[in-house]
Every structure is written in C-alpha cells, then in structure tokens.
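Right, one structure below, let's go through it.
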Amino acid sequence: MEKKLKVGVLGATGMVGQRFISLLENHPWYEVVTVAASPRSAGKTYEEAVGGRWKMTTPMPEAVKKLVVMNVNEVEKVASSVDFVFSAVDMSKDEIKAIEEAYAKTETPVVSNNSAHRWTPDVPMVVPEINPEHFKVIEFQKKRLGTTRGFVAVKPNCSIQSYAPVLTAWKEFEPYEVVATTYQAISGAGKTFKDWPEMVENIIPYIGGEEEKSEQEPLRIWGEIKDGVIVKAAEPKITCQCIRVPVLNGHTAAVFVKFRKQPTKEQLIEKLVSFSGLPQELNLPSAPKQFIQYLEEDNRPQVTLDVDFEKGMGISVGRLREDSIYDWKFVGLSHNTVRGAAGGAVLCAELLTAQGYISAK
C-alpha cells in the first residue's frame with residue numbers, strides 16, 4: 001500500500017482500545033491518527049488520559065502518546081480526520097448502535113469489536129477465515145443507511161473463537177449437537193488482577209449474556225445471505241456454560257460433539273491443521289500462517305504455553321478423543337483480546353481493505 005490509511009480508534013482508553021493501539025503500532029497499511037473517548041478524557045493527551053491504566057504488557061507506542069483525545073460524541077469532527085474507525089466504545093447497546101451508525105453515515109466505515117450490532121440483520125459478523133462472503137451484505141446495509149462508502153461490520157464474541165473455527169473445519173462430517181464449557185480470562189471483562197483482586201484463586205460460574213452469545217453467534221456465522229439479510233444456520237445445536245477463571249488472557253473451551261458422518265481421529269486432525277481461508281490466501285498482514293494447530297501432548301493446550309500461538313491470532317486444539325456419550329471431545333484455546341477482540345477486528349479491516357470496501361477518503 002503506497003500510503004497508509006488514516007485510522008481512528010473509538011473508545012481508545014479502555015482495554016480493547018489499548019489492544020487496538022498496540023496491535024496497530026507499525027502496521028504496514030494503517031496509521032492511528034485519531035483517538036477518541038468519553039468527554040472526561042477529551043482534551044488530554046492520550047498518555048494523560050490513560051494515566052496509570054495502561055494494561056498491555058508492551059509499552060504504550062510513542063506515536064500515540066501525544067495525540068490529543070477527541071470527544072467520541074463529536075462524530076463529524078472525528079470522522080473528518082480519518083479514512084475509517086475501529087470501535088471499542090463503552091456505552092449501552094442502544095447508544096453504541098446509534099453512534100456506530102452515525103459514524104457510518106459520515107461515509108466512514110466502522111469495524112467494531114462491540115456486540116451491539118451483531119444481530120442487526122444487514123451487518124456482517126465475520127471471522128475472516130470462516131465467512132468472508134457475509135461482507136456482501138454491506139451493499140444492502142448501505143442502501144438502508146443511504147451511504148456510498150459508510151457501513152458497520154463487526155467481529156463475533158471472543159469465547160466462540162476457541163471452538164467455532166474447529167467445528168467449521170469439520171463441517172463435512174456434519175456436526176449436529178455440541179456441548180461446550182468455556183473457561184474465560186478476566187481480560188474479557190476489561191480487567192487485570194490489580195483491578196479485580198477477588199478473582200485471584202477464584203472461579204465465578206456466571207458471565208452475563210455470555211452463554212446466549214456462545215450458543216447463537218456461531219449459527220449466525222454459519223448462516224447465509226437471503227433477501228439482503230443474514231439468516232442463521234439451524235445446526236449444530238449448541239449448549240454452553242461460561243465460567244470466569246483466574247487467568248489474565250486466553251479463553252479455553254471443553255467441547256463435546258456429535259456427528260452425522262463418522263470421521264476418524266486422523267481425519268479430524270488433518271482437517272484442523274490444513275484449515276485456512278481467504279486471509280491466508282491473500283497473505284494479509286495480521287493473518288496467522290497456521291490458523292489452527294493440533295497439540296499431541298495430553299497436557300496441552302495450556303494458556304501459559306499456547307495463548308500467544310501465531311502472535312495470538314491462531315487457535316490451539318488438543319485432547320481430541322472418543323467420548324462415551326458424544327462422538328468426540330476436545331479442548332480449544334484462543335487469545336481473547338487478540339484473535340477474540342482487537343486482532344480479529346484488525347484482520348476484518350484488512351480483508352475489507354483488500355476487497356475494496358475500505359479505502360482512502
């Protein structure tokens with residue numbers, strides 16, 4: 001790309017906003033020129049606004065430290081400075097829906113980490129390796145919004161990344177019933193152990209809204225476009241429990257699957273390690289070379305050893321074995337704030353750029 005596209009990050013001071021900032025440092029295609037947050041942060045430099053709340057393990061990029069934070073609610077002003085925006089705003093669902101559409105209507109594409117638009121019928125919710133064809137629904141969305149280049153695209157919930165790609169790789173064996181339990185890191189709640197001391201040596205068996213997302217969002221990803229909207233798939237039926245565990249980064253899933261066609265263990269593993277998609281074909285900057293790795297050791301995947309596989313953009317799978325009630329069971333692991341949040345959104349933006357949906361204004 002001759003000239004880097006100018007990017008804004010909405011909700012730049014929160015944990016996912018910070019992850020966007022750190023992932024976009026030295027990005028070959030994009031340059032963060034604008035950071036926007038709540039009115040209380042506006043007018044301060046990014047460094048001042050974040051203060052002691054920088055939650056990444058890498059230092060704050062020098063390039064953003066002195067950027068003056070803009071008020072995210074001044075939509076026209078923020079939009080006029082950028083080619084597109086990433087959204088990680090912390091507001092109510094209705095407020096998020098309204099503000100993301102307001103940015104889209106200024107002819108500014110919005111790639112969102114938020115859940116607010118995940119069920120808006122003409123908004124694509126995409127894992128780029130799984131359902132890139134859903135971006136075609138953008139043309140219908142633009143008609144509704146009355147835009148020529150502005151739209152909203154979203155990535156799905158972080159917890160499903162540890163099993164939805166696996167089930168996609170096994171599609172030809174027709175999985176029809178799935179039981180999953182996810183063991184979710186505290187960064188998924190935007191926290192560190194310093195902010196949330198009661199999570200040390202603790203497990204909380206409830207994460208608001210998470211089980212419904214974990215059961216339903218994969219079906220939307222596997223759905224199809226009909227009459228200008230995305231219609232979710234009917235199968236596989238998924239039931240899920242979501243548990244918060246004392247881990248900083250990395251969502252683990254223990255999953256049981258029933259298949260209509262009976263695969264061998266060798267066939268299942270082969271499908272995992274050979275599974276790739278458009279991001280790999282196009283060699284997108286953030287695409288993992290190997291999307292899914294299979295680990296043979298009985299004690300893998302482990303968060304401490306495997307969460308950063310492919311810089312946090314890959315999925316790790318292990319413990320695949322026959323089950324006495326279901327057909328097969330396995331354990332999956334994904335990085336919840338990289339592949340599951342900001343990194344997944346950056347990869348969506350790269351694919352949208354490669355396909356011509358995002359370009360310089």
Side-chain angles (χ1 to χ4, degrees), residues 1-38 40-72 77-90 103 108-114 155 158 185 187-188 190-192 194-195 248-250 284-288 307-314 335-353 358 360:
M1 191 163 293
E2 285 170 34
K3 199 171 168 213
K4 289 189 182 186
L5 295 177
K6 294 184 290 193
V7 177
V9 178
L10 313 180
T13 56
M15 188 179 245
V16 174
Q18 292 178 24
R19 181 66 76 184
F20 274 120
I21 298 284
S22 60
L23 288 176
L24 292 166
E25 184 180 17
N26 304 321
H27 193 284
W29 295 3
Y30 307 140
E31 182 186 358
V32 177
V33 297
T34 299
V35 286
S38 66
R40 68 177 178 275
S41 297
K44 299 174 184 172
T45 65
Y46 184 68
E47 194 173 22
E48 288 166 349
V50 172
R53 295 179 300 110
W54 181 253
K55 296 179 180 181
M56 300 296 108
T57 50
T58 50
M60 184 184 288
E62 289 298 324
V64 298
K65 283 183 177 177
K66 298 294 177 256
L67 288 179
V68 175
V69 179
M70 295 173 81
N71 181 347
V72 73
K77 191 176 170 187
V78 175
S80 66
S81 65
V82 297
D83 295 314
F84 77 101
V85 295
F86 288 110
S87 174
V89 290
D90 182 14
Y103 274 92
T108 306
V110 178
V111 181
S112 179
N113 180 68
N114 295 307
K155 49 136 294 287
C158 50
S187 57
K191 307 272 199 214
T192 63
K194 195 173 104 185
D195 315 324
L248 180 60
N249 292 311
L284 298 176
S286 301
V307 76
D308 291 319
F309 170 60
E310 290 281 11
K311 297 181 181 162
M313 289 297 285
H335 196 305
N336 56 296
T337 67
V338 183
R339 168 56 79 164
V346 171
L347 190 59
C348 281
E350 290 170 359
L351 186 52
L352 286 161
T353 303
I358 292 176

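The basis for the numbers below is simple: all heavy atoms, side chains too, and nothing from hydrogens, waters or symmetry mates.
Within a 6.0 Å radius of CG in Asp90, other residues, nucleotides and ligands contribute 12 heavy atoms or fewer. The number of heavy atoms from other shown groups lying within 6.0 Å of CZ (Arg53) is above 12.
Among all heavy-atom pairs drawn from Leu67 and Val35, the shortest one is CB-CG2, 4.0 Å. Of all non-hydrogen atoms in Asn336 and Gly188, the two that sit nearest each other are ND2-N, 3.3 Å. Scanning all heavy atoms of the two residues, the minimum distance from Ile358 to Ala349 falls at CD1-O, 4.0 Å. Contact detail for Ser286 and His27: the closest heavy-atom pair is OG-NE2, 4.1 Å. Across Asn26 and Lys4, no two heavy atoms sit closer than the pair C-NZ, 4.3 Å. Closest heavy-atom contact between Cys348 and Val111: CB-CG1, 4.2 Å.
Every side-chain hydrogen bond (donor to acceptor under 3.5 Å, both in side chains) that Asn249 has, sequence neighbours left out, goes to Ser187. Residues satisfying the ring-ring contact (aromatic ring centres under 6.0 Å, His included) criterion with Phe20, sequence neighbours excluded, are Phe86. Applying the side-chain contact (heavy atoms from CB on, under 4.5 Å) criterion to Ala360, with sequence neighbours excluded, gives Leu5, Asp83. Legend: residues meeting salt bridge (Lys or Arg N to Asp or Glu O under 4.0 Å) with Lys77, ordered by chain and number and at least two apart, are Glu74. Every residue two or more places apart in sequence or in another chain that forms a salt bridge (Lys or Arg N to Asp or Glu O under 4.0 Å) with Lys66 is listed here: Glu47. Applying the side-chain contact (heavy atoms from CB on, under 4.5 Å) criterion to Lys44, with sequence neighbours excluded, gives Glu48, Ala49. With sequence neighbours left out, the side-chain hydrogen bond (donor to acceptor under 3.5 Å, both in side chains) criterion links Tyr30 to Thr353. Every residue was checked against the side-chain hydrogen bond (donor to acceptor under 3.5 Å, both in side chains) condition with Ser41, not counting sequence neighbours, and none meets it. For the side-chain contact (heavy atoms from CB on, under 4.5 Å) test, residues two or more places apart in sequence or in another chain that qualify with Leu284 are Trp29, Pro279, Leu282, Ala287, Leu347, Glu350, Leu351, Ala354. In this structure, Ser80 has no side-chain hydrogen bond (donor to acceptor under 3.5 Å, both in side chains) partners at least two apart in sequence or on a different chain.
The distance from atom CG of Asp308 to atom CE of Met313, rounded to the nearest 0.5 Å, is 12.5 Å.
Checked by atom type and distance alone, the side chain of Tyr103 never pairs as donor or acceptor with a backbone atom of Ser87 at under 3.5 Å.
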Candidate pair Val33 and Val82, rule side-chain contact (heavy atoms from CB on, under 4.5 Å), full reasoning = CA-CA 7 Å; Val33 297; Val82 297; 3.9 Å; yes
Give the intermediate values and the outcome of side-chain contact (heavy atoms from CB on, under 4.5 Å) for residues Lys311 and Val338.
-> CA-CA 8 Å; Lys311 297 181 181 162; Val338 183; over 6 Å; no
Do Val110 and Phe84 pass the side-chain contact (heavy atoms from CB on, under 4.5 Å) test, and can you show the C-alpha distance, the side-chain angles, and the key distance before you say yes or no?
-> CA-CA 6 Å; Val110 178; Phe84 77 101; over 6 Å; no
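Contacts classified as side chain to side chain donor-acceptor pair (under 3.5 Å) and involving residues 12-24 (residues at least two apart or in different chains) are given here: Arg19-Thr337.
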List the atom pairs, donor and acceptor, that lie under 3.5 Å between side-chain atoms in residues 55-63 and the rest of the protein, sequence neighbours left out.
from	atom 1	to	atom 2	distance (Å)
Lys55	NZ	Gly190	O	2.8
Lys55	NZ	Asp195	OD2	3.2
Glu62	OE2	Lys65	NZ	2.8

